[in-house]
Amino acid sequence: MRKIIKDTDKSDREGRDYSAYPYLKGLNPEQLEAVLHTEGPLLILAGAGSGKTRVITLRALHLVKAGLARPSSILGVTFTNKAAGEMKERIARALEVPDKDDRSGLLPDFSTFHSFCLRVLRKHADLLGYGRSFAVFDEDDSGKVISRVIKSLNLDEKIFTASKAKYFIENNKNSFVDHEQSLEKYNNPWEKNFSLIYEEYSKRLKQNDAMDFGDLLFNAVRLFETNADLLEIYSSHYQYVMVDEFQDTNFIQDRLTKLLVGGHKNICVVGDDDQSIYSFRGALVDNILKFEESFPGCRVIKLERNYRSTRTILNAASNLVRENKFRKDKTLKTEKAGGGPVTVYRAESDYSEAYYITREIRRLTRLEGYSNKDIAVLYRVNSISRIIEDRLVKESVKYQVYGGLKFYQRKEIKDIISFLRFAANPKDAVSFERSISCVPIGAGEATVKKIRDIADKNGSDILSAYGSGLLNGIKGLKETVSPVTKPAPGLLNYFGLIMELRRKIDARPTERGSLSALISMIYVNSGYESMLNGGRKTRALNSEADESRIENIEELINASQEFDDIAEFLDQSAIDESSAKGQGGDFGDISKVSLMTLHSAKGLEFPVVFMVGLEEQLFPHARSLFEESSVEEERRLCYVGITRARERLYLTYSRKRKMGKEFRYNHPSRFINEIPDSLKEVIEDDYSYSWDEGSRYYR
DNA sequence: GAGACTCGTGTTTTT
DNA sequence: CACGAGTCTC
C-alpha cells in the first residue's frame with residue numbers, strides 16, 4: 001500500500017493521472033501534497049479560505065481508499081460538534097455509507113476534544129474513582145457549586161466572585177494543575193484563596209460524582225498518564241490522528257494529542273496563527289508555532305491560495321492583520337478578480353445602523369440576486385443582535401440567530417433533564433436541587449437542606465436515604481414508596497417519580513418504553529406541565545414566555561426520540577452545543593439571514609458579510625485594551641470576520657450606541673483605519689429612517 | 001418556612 | 001430588559 005502512494009506521488013510530478021483516486025483531481029500542488037503525506041508528523045499552515053476542510057476530509061478519505069487505514073483507526077479532532085458532524089458527513093457521502101445504519105467502524109471517528117474524552121472516561125473512569133454514571137456539569141451547574149463554596153468558606157463574595165473563581169479553576173485545569181498543586185504553587189493571599197476555593201470545589205464535585213468540562217480533558221490525560229497499558233490500547237487503535245484549528249488548542253489538549261500519537265507519530269495538525277482567537281480559553285498559539293520543535297523532522301505545508309474572497313476583501317484582511325507584530329509572516333494569494341470596494345457605513349445611532357443593514361439586505365435580495373441565506377451579520381457581542389433583530393422583524397426579513405443560549409442550557413430543558421440526571425446519578429445533588437425546586441411542590445430551601453443533611457449524616461445519597469425511610473420525618477413524606485399514578489405535585493410524588501425513573505433506567509430498553517415517553521412522563525408527572533399552563537384552559541391564553549418554554553419541551557421530547565440509550569442522551573445533552581431547534585448547521589437550505597458572533601463564524605463563509613459595531617471599546621472590546629497582545633487577538637478576530645466574506649463586505653459603526661443603561665459615544669474602530677482607503681467606500685448616515693421610532697427608542 | 005415580589009445589576013468569545 | 005439575589009408577606 002505504501003508503494004501505491006509513492007507511485008502516485010511520483011506520477012504527479014511526471015504529470016500522470018489519478019484515475020484510481022478521482023477525488024484528488026482539482027487539488028493544487030500543496031493541497032495534494034498534504035493529502036498524500038500520510039506517514040509521520042505533518043503541520044499544515046492553512047490560511048483563511050485555502051481549502052483546509054477539504055484537505056482534512058480528503059486526507060481521511062484517502063487513507064481509507066488507498067487501503068492505508070481502516071476508517072475506525074482514524075481520529076479527527078475538531079472544536080465544535082458541528083464541524084465534526086460536517087466532516088463525518090462529507091466522508092460518509094464519499095464512502096457511500098448510508099445514513100441510518102449503525103455506522104460505527106465504517107467511518108473515521110470525528111469528535112470534539114470533549115466528546116472524545118467523555119467517551120473514554122465513560123469506559124474507564126472507575127480507574128480514577130468515579131462511578132459508572134458520573135454526572136457532567138456544565139458551566140451553569142459548576143457555577144452554582146462554586147458560589148456555594150465561596151459562601152461556605154466565608155469569603156467576601158464581592159471580592160472573590162464566582163466568575164473569577166471559575167476562571168481561576170478553569171485556567172488551572174487547562175494547564176493541568178490540580179488543586180493540590182495550585183495550593184502549593186500560589187503564595188499570595190489572593191491566589192491562595194482561589195486555590196482554597198478550587199480545593200473545596202474539587203471535593204464537592206467528587207462528592208457529587210461529577211466532572212465539569214475542564215475535568216473531561218484533565219481526567220482523560222490523567223487516566224492515560226497513569227495507565228500506560230490503556231494509553232497503548234488507544235494509541236495503537238488510532239493509527240492516524242488529525243487535529244483541526246490547532247492554533248486554538250490549550251496546554252492540556254496539546255498534551256493529550258501528544259500522548260495519543262506518542263507511538264507512531266502519525267499526527268497531522270491544521271491551523272492558522274492569524275486565526276487564533278481563543279486565548280481567553282487558555283489557547284496557546286505556541287502549540288502551533290512550536291509544533292516543529294515537538295516533532296523534529298515534521299513536514300510543513302503552507303496553503304496560501306485563497307479560493308474564497310475577492311482580491312479587495314483579501315487585501316483588506318491582509319493589510320489589517322499585518323498590523324500585528326507577533327505573527328508568522330505570510331501572504332495569501334487569491335485566484336479571484338478585484339471585486340467592489342469594502343463598504344464602510346457610518347451611522348448616527350445603533351438604531352440607524354440596524355436600519356441601514358436591513359434596508360441594504362432587502363436591496364441585495366431584490367436587486368442584486370442574493371438570497372437571505374447568502375448573507376451573514378456578524379457582531380462582537382451577542383447583545384448587539386437584539387437591535388438588528390428588532391429591525392429585521394419590522395421589515396419582515398427572515399433571520400436565524402446562531403449561538404446565544406444553547407438549547408440544552410435553557411432553563412426549562414435543564415429542569416426537565418435534571419430529573420433524569422438525578423435518577424441516573426443519585427449523588428448528583430445539583431440535579432436533585434434543581435429538580436425538586438423547579439416546580440413549586442412545597443419544598444423550599446429549608447426542606448432541601450434538611451434532606452441533604454439527613455443524607456450526609458447517614459453517609460448515603462439522597463435516594464438511598466429516601467428508600468430506607470430516613471426522610472420520613474419530613475413534612476409531606478409519611479408514607480413509603482408509592483407508584484406514580486396522578487400528576488399531583490408534592491414531595492411524596494416527587495420521590496415516587498424519581499424512583500420510577502430509576503426503575504426504568506435500570507430496566508431493559510424493551511421493558512422501559514421509549515426515552516421520549518420517559519421525558520413526557522417527567523413533564524406531566526412532575527407538575528411542570530400544569531405549572532407552565534397555569535391552569536389555563538387553552539394554550540392561547542398562556543404568556544409568550546411560557547408558550548415558548550412549552551414549545552422547547554415539546555422539541556426536547558421530539559429530539560429525544562433519536563436516542564435509545566439514556567446514558568448516551570444525557571452525555572449528548574451535557575456537551576452538545578447545538579442552539580435552538582432546527583439548527584443542524586445546514587446554513588445552505590434555509591432562506592434566512594444568519595446572525596452570529598464573530599467567534600461562532602469561524603470556519604464559515606458567506607457571499608455577503610456585514611460586520612456590525614466596529615467601534616473602539618466594543619471592537620476592540622474595552623477589556624482587551626490594556627494589553628497589546630489582547631488587541632492583537634481582537635484584530636485577528638476582525639481578520640476572521642473579514643475573511644468570511646466571498647463577494648461583499650460591509651463594515652458598519654455608529655457614533656452613538658446604547659450600552660446597558662446609557663448611551664456611549666465611541667470612536668470608529670482602529671480596525672477600519674487599518675484598512676487602506678483605496679479599498680474602502682465610505683457611506684454616511686442619510687437620516688432616511690423614521691425618526692419617530694428612533695426618538696421613541698431614545699427617549 | 002415558602003412563595004410572591006421588588007430592586008438592582010450586568011452584557012465576550014468554541015466545549 | 002431579563003434574570004437573579006434579596007426582601008417582604010402570608
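Each chain gets a letter, A, B and so on, in the order the sequences are listed, and its residues count up from 1.
- Using a 4.0 Å heavy-atom criterion, one finds that Glu245(A) contacts no nucleic acid atom at all.
- A straight line from CZ of Arg636(A) to C1' of dT14(B) spans 15 Å, rounded to a whole angstrom.
- Atom-to-atom, OH of Tyr379(A) to C1' of dT11(B) comes out at 13 Å; the value is rounded to the nearest Å.
- Ring-to-base geometry places Phe280(A) in a stacked arrangement with dT13(B) (centre distance under 5.5 Å, plane angle under 30°).
- Nucleotide dA5(C) holds its P atom 14 Å from the CD1 atom of Ile146(A), rounded to whole Å.
- Looking at heavy atoms from C-beta onward, Phe137(A) lies out of side-chain contact with Lys144(A) at the 4.5 angstrom threshold.
- Between the P atom of dT13(B) and the NE2 atom of His621(A) lies a distance of 8 Å, rounded to the nearest Å.
- Using bins of under 30°, 30° to 60° and over 60° for the plane-to-plane angle, the ring pair Tyr466(A)/Phe495(A) lands in the parallel bin.
- In this structure, the OH atom of Tyr639(A) is 23 Å from the P atom of dT13(B), given to the nearest Å.
- One can place CG of Asp248(A) at 12 Å from P of dT14(B), the figure rounded to the nearest angstrom.
- Under a cutoff of 6.0 Å and an axis angle of 45°, Arg122(A) and Phe134(A) form a cation-pi pair.
- Nucleotides dT14(B) and dC3(C) are separated by 24 Å at their C1' atoms, to the nearest Å.
- We find that CG of Asn81(A) is positioned 10 Å from C1' of dT14(B), with the value rounded to whole Å.
- When the C1' atom of dC1(C) is taken as reference, atom CD of Glu389(A) falls 14 Å away, rounded to whole Å.
- Toward the 5′ end of DNA chain B lies the nearest nucleotide of Ser624(A), the other residue of the pair Ser115(A) and Ser624(A) mapping further downstream.
- Neither side chain, Gln617(A) nor Asn666(A), offers a donor N or O lying under 3.5 Å from an acceptor on the other.
- Taking side-chain N and O atoms only, Thr447(A) has no distance below 4.0 Å to OP1 or OP2 of dG1(B).
- Spacing between dG4(C) and dT13(B) at atom C1', rounded to whole Å, works out to 23 Å.
- At a threshold of 4.0 angstrom between heavy atoms, the contacts of Arg386(A) are confined to the sugar-phosphate backbone, with no base atom among them.
- Side chains of Thr447(A) and Ile451(A) form a contact here, defined as non-hydrogen atoms less than 4.5 Å apart.
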